[in-house]
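Working notes for the structure below.
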Amino acid sequence: MTIKLQKRTIEVLKNLRKTNKDTYIASNLAENLDIDYIILMSAVNELKDKSLGGFKEKEIDQVSLNDEGLLYLKKGLPERQLLNILLENNIKEISLDKFLKLSEMNKKLFFIGISYMKKNRWIAQSKATGENKIFLIAEEFPETELEEYLKNFKDKPNLDYSELSEKEKESIDILNKRQLIKKKRKTQRIIYLTEKGKETKLSEIEELDQVSKLTSEMITNQTWEQYELKPFDVNKPGPLLKGGKMHPMINLINKIREIFLSLGFTEIRGPIIESAFFNFDALFQPQDHPARELQDTFYLKNPKVAKLPEKDRVEAVKMTHENGGDSGSLGWRYKWDEDIARQTVLRTHTTATTIRRLAQYYRENDNPPIKVFSIDRVFRNEKVDKSHLAEFTQIEGIIIDENVTLCDLIGVISEFYKKIGFEKIITRPGFFPYTEPSMEVAVYYERLGEWLEMGGSGIFRPEVTYPWGIKNPTRVLAWGLGLERLAMLMFEREDIRDLYINPIKWLREESY
Ligand code: PHE
């Protein structure tokens, strides 16, 4: 049976056989055969398709001279350059100062050279005459081992560190200490022939008259009929496209949106500039609560004062703080100050937006069930580092319904994480001033084998829901989860800032 190969591939095959080695480093081979690397690899791929050959990939530490090293390869190491100056000028002794001037070298390099001249026992140094002088003490100055080794880089500018002998490694280490070396991690392709590739008779291999492109010439002079068109291999990866695309965070947000929509939720949004009333007071957070302090919350100068909702609702919230109102609670038992509630803040959580939805529920005389979510920006006075942002996003939601329980809450949160790709979640007891019971939510992250904290949840306390007419057995299940934490896991980013600094390499790697 004959095997059909492209002309170029046949040539590569013949050359590989001629060299009579078992493996060939692709980049060296391309150089030896004087063909383009890409063309060589496409020939190798053709050999692979016909089971005649193939390639393996290997990570190597490639060592080469840096710019300074290359310079010394041409002009000699500084000690040799200095020696040549002495020999050319027939100098047997000279003061260091004069020598420095004569050498026209920079001072640092000069002294490096001097110290190696001493190490090589070419010169001695003495201050006996009062002057700091050097004396030529050797008669002959054969090449040092290091100099001899350096010359290797002339025909082989790139060495594979793992393939060097112990002795060679020592020389490399010395060059490295003298900072003349650079090391680079590289993936090397190793080409090989299979038994079939080595043994198939050349008479069984035929040249394939295939073209990958039809040219207008072929059509006008009608030669196209003689050619066979190379079939497309739809399994081969195409070239990397660097077109514009959605930011991964937008894609993720849209995915989350779709999950909640598919579960029957409606999206809500609320203002970024919020009143302390909705951000804190309506959440039964006492006015001296530490989370309200400047070090956690951004307060605004402009606008400085927020509008509050209906007077009677403000009164109802005030009552829950002072004595529990009609919620059955004793309240916090202090004098509630409306001016504090009018302060403007950058909302510290989207739970503020959720409460606005409760206010709407009251106003519009809504009936349960109500299921809403929001994916929106919040702000906290945090020091920004690899795991904290001062501006981030919460995935928030509530279910208002009769007789709903903690089990329903766990069910919805589990379902959400399952749909986004995390099978296992765990809930642990937590605390928030506005929920009882409260749960922290963590997901299991396979790659690290760890449980990672994702956010909080719980059932709103009567103190939170009663002012809006939501009373037992109607309850509000609520959660607030971190978007960026989730994004870090999904995009495998170690630094949370990457999500917004936008390293171009990462953005290119992410799918469309
Ligand atoms: N608002 C809480 C936070 O920002 C999360 C949460 C929302 C907790 C709803 C309970 C209920 O961490």
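Order of appearance sets the numbers: ligands from 1, and atoms from 1 within every ligand. These numbers come from a predicted model, not from an experiment.
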*Please determine, by modelled atom types, if Y500 and E484 share a side-chain donor-acceptor pair under 3.5 angstrom.*
yes
_Which residues pass the side-chain hydrogen bond (donor to acceptor under 3.5 Å, both in side chains) test with Y299, not counting sequence neighbours?_
none
*Do ligand 1 and Q394 have nitrogen or oxygen atoms that lie under 3.5 Å from each other?*
yes
*Could you list the atoms of ligand 1 found under 4.0 angstrom from a heavy atom of G456?*
6 (C), 8 (C), 10 (C)
_I'd like to know if G455 contacts ligand 1, where contact means a heavy-atom distance under 4.0 Å to any ligand atom._
no
*Looking at Y116, is R178 sitting on its ring face, NZ or CZ under 6.0 Å from the six-membered ring centre and within 45 degrees of the normal?*
yes
*Counting from 1, what ligand 1 atoms have a heavy atom of A478 closer than 4.0 Å?*
9 (C), 11 (C)
*Do any N/O atoms on T435 end up under 3.5 angstrom from N/O atoms on ligand 1?*
no
_For a quick check under 3.5 Å, do D288 and W332 share a side-chain donor-acceptor pair by atom type?_
no
*Residue portion contacting ligand 1 (non-hydrogen atoms closer than 4.0 Å) for R380*: side chain
*Looking at atom 2 (C) of ligand 1, what's its closest protein heavy atom, distance included?*
Y434 OH, 3.1 Å
_For ligand 1, the portion of F460 having any non-hydrogen atom under 4.0 Å away_ = neither
*E463 and S329: side-chain donor and acceptor closer than 3.5 Å?*
yes
*Record the part of S457 in heavy-atom contact with ligand 1 below 4.0 Å; permitted values are side chain, backbone, both and neither.*
backbone
*Counting heavy atoms not belonging to E59, are there more than 12 under 6.0 Å from its CD?*
yes
*Identify the closest protein heavy atom to atom 7 (C) of ligand 1: which residue and atom is it, and at what distance?*
G480 N, 3.3 Å
*asked:* If you measure every N or O of E396 against every N or O of ligand 1, does any of those distances drop under 3.5 Å?
replied: no
*Starting from the C-alpha separation in whole Å, work towards a yes-or-no answer on salt bridge (charged side-chain N to carboxylate O under 4.0 Å, His left out) for K318 and D312.*
CA-CA 10 Å; K318 173 185 161 110; D312 61 340; over 6 Å; no
